[in-house]
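To start, the structure under review is shown below, and the notes come after it.
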Amino acid sequence: MNKKEVLKKTKEHIKNKLSGEGSGHDWWHVYRVWKNAVYIGKKEGADLFVVSLAALLHDISDWKFNDGDDDVGPRLAREWLIKMRVDEKIISHVCKITKEVSFKGSCVKTKMSSKEGMVVQDADRLDAIGAIGVARTFAYGGHKNREIYNPNIKPEVHNSFEEYKKNSGPTINHFYEKLLLLKDMMNTKTAKKIAKERHKFMLEFLNRFYKEWKGKDF
Ligand code: NI
């Protein structure tokens, strides 16, 4: 099978698997990450086949939906790529990226070990900020039965992956625990530039949110 066919089949496979998912990790999230990863990868001179496969497979089974087991995703990705008869070298590279790519709490640094990995991680993080990030964060919060905002519960800093997983605070806190930190965690120059604008929008959103909360916008 040539690369184009592998990508087409992989796209269909993920689309079928994730369509209609309601927590913000649906097919359209993967689609945006894929498109943005290819854009960033081109600018950064990365291997676009590896970037595309890793972007398409990065949420095949997210640890957030597997009781914290972050090995399920890479295993499913590997099984799929073997079926597609992709070279072992590419399979291990792609699976390594899918394992490294999840965000594991504000103080837990996940360093990507290849340029392709950095590109996919940046694209995934970009989809967590800006207007799309705001929408996805509230969708995920609702999925987890979280309050939108509770002025009595302050944001927490998570020093470990375990703490981050247990977190159940209101969704607004998630901006301080994760989203506003992402701008400075981008790996590539291209993503840093995009992140700057998206970050600015989130600050405007929060500003406006508190204003309306207090009834000070009229
Ligand atoms: Ni993702």
Side-chain angles (χ1 to χ4, degrees), residues 1-44 46-66 70 72-74 76-81 83-84 86 90-91 93-103 112 114-143 178-179 182 185-188 190-195 197-199 201-202:
M1 219 181 295
N2 66 35
K3 289 181 179 179
K4 215 174 146 191
E5 272 172 81
V6 172
L7 287 178
K8 196 174 159 234
K9 285 229 159 88
T10 305
K11 182 189 150 192
E12 286 311 312
H13 177 61
I14 295 300
K15 199 174 170 182
N16 288 336
K17 219 176 143 84
L18 299 179
S19 279
E21 199 277 337
S23 76
H25 287 80
D26 61 348
W27 158 246
W28 294 111
H29 160 64
V30 173
Y31 178 81
R32 291 186 303 267
V33 171
W34 174 35
K35 292 293 167 192
N36 289 342
V38 169
Y39 172 82
I40 299 165
K42 257 187 203 157
K43 295 236 171 207
E44 302 286 332
D47 179 329
L48 295 182
F49 186 54
V50 171
V51 164
S52 295
L53 284 178
L56 283 168
L57 294 165
H58 88 277
D59 273 336
I60 189 167
S61 179
D62 201 286
W63 61 262
K64 293 181 204 74
F65 307 105
N66 273 307
D70 58 352
V72 182
L76 291 176
R78 168 169 289 278
E79 282 166 13
W80 171 255
L81 293 172
K83 216 166 123 189
M84 292 293 100
V86 171
I90 293 177
I91 296 181
H93 191 176
V94 170
C95 291
K96 198 163 181 211
I97 296 174
T98 61
K99 191 168 168 69
E100 289 173 342
V101 85
S102 302
F103 187 96
M112 303 302 289
S114 70
K115 187 195 274 181
E116 288 70 24
M118 290 180 185
V119 167
V120 174
Q121 187 180 51
D122 279 358
D124 194 33
R125 285 177 170 172
L126 280 176
D127 209 57
I129 60 176
I132 298 271
V134 171
R136 290 184 66 222
T137 304
F138 285 104
Y140 186 71
H143 175 76
K178 175 181 172 182
L179 308 191
L182 289 175
M185 295 172 78
M186 296 293 163
N187 304 296
T188 66
T190 313
K192 278 184 186 142
K193 214 171 129 192
I194 305 169
E197 282 303 306
R198 295 191 178 192
H199 184 84
F201 173 78
M202 289 194 295

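Quick caveat: nothing in here was measured; it's all calculated off a predicted structure.
Thr137 approaches Leu179 most closely through the heavy-atom pair OG1-CD1, 3.1 Å. Between Gln121 and Glu100, the closest heavy-atom pair is NE2-O, 4.1 Å. The heavy-atom pair separating Ser52 from Leu7 by the smallest distance is CB-CD2, 3.5 Å. For Pro74 against Lys99, the heavy-atom pair with the smallest separation is CG-CB, 3.7 Å. Closest heavy-atom contact between Val119 and Ala37: CG1-O, 3.2 Å. For Leu53 against Val6, the heavy-atom pair with the smallest separation is CD2-CG1, 4.0 Å.
Atom CZ of Phe49 has more than 12 heavy atoms from other residues, nucleotides or ligands within 6.0 Å. By the neighbour-count criterion of 12 heavy atoms within 6.0 Å, atom OH of Tyr31 is sparsely surrounded, having that number or fewer from other residues, nucleotides or ligands.
The CG atom of Leu18 sits 12.5 Å away from the CH2 atom of Trp28 when rounded to the nearest 0.5 Å. Trp27 CH2 to Lys11 NZ: the interatomic distance, rounded to the nearest 0.5 Å, is 5.5 Å. To the nearest 0.5 Å, the span separating CG on Asp127 from NZ on Lys35 amounts to 14.0 Å. For the atom pair Asp26 CG and Lys15 NZ, the distance stands at 12.0 Å (nearest 0.5 Å). Distance CG/Leu81 to NE2/His93: 12.5 Å, rounded to 0.5 Å. To the nearest 0.5 Å, the span separating CD1 on Ile97 from CE on Met118 amounts to 10.5 Å.
In this structure, Trp80 and His13 have parallel ring planes: the angle between them is below the 30° cut-off, well short of the 60° mark.
In this structure, the side chain of Asn16 engages the main chain of Glu12 through a donor-acceptor pair within 3.5 Å. The main-chain N or O of Thr190 is found under 3.5 Å from a side-chain atom of Glu44 such that the two form a donor-acceptor pair. The main-chain N or O of Leu126 is found under 3.5 Å from a side-chain atom of Arg198 such that the two form a donor-acceptor pair. Side-chain atoms of Thr98 come within 3.5 Å of backbone atoms of Cys95 as a donor-acceptor pair (strictly under, hydrogens ignored).
Inter-residue side-chain proximity for Leu76 and Lys17 is flagged as met; some heavy-atom pair is nearer than 4.5 Å. With contacts defined as side-chain heavy-atom distances shorter than 4.5 Å, the pair Arg136/His25 qualifies. Considering only heavy atoms from C-beta on, Met186 comes within 4.5 Å of Ile129 through its side chain. Annotation: side chain of His58 is in contact with side chain of His29 (closest heavy-atom distance under 4.5 Å). In this structure the side chain of Trp34 never reaches within 4.5 angstrom of the side chain of Ile14, judged on heavy atoms.
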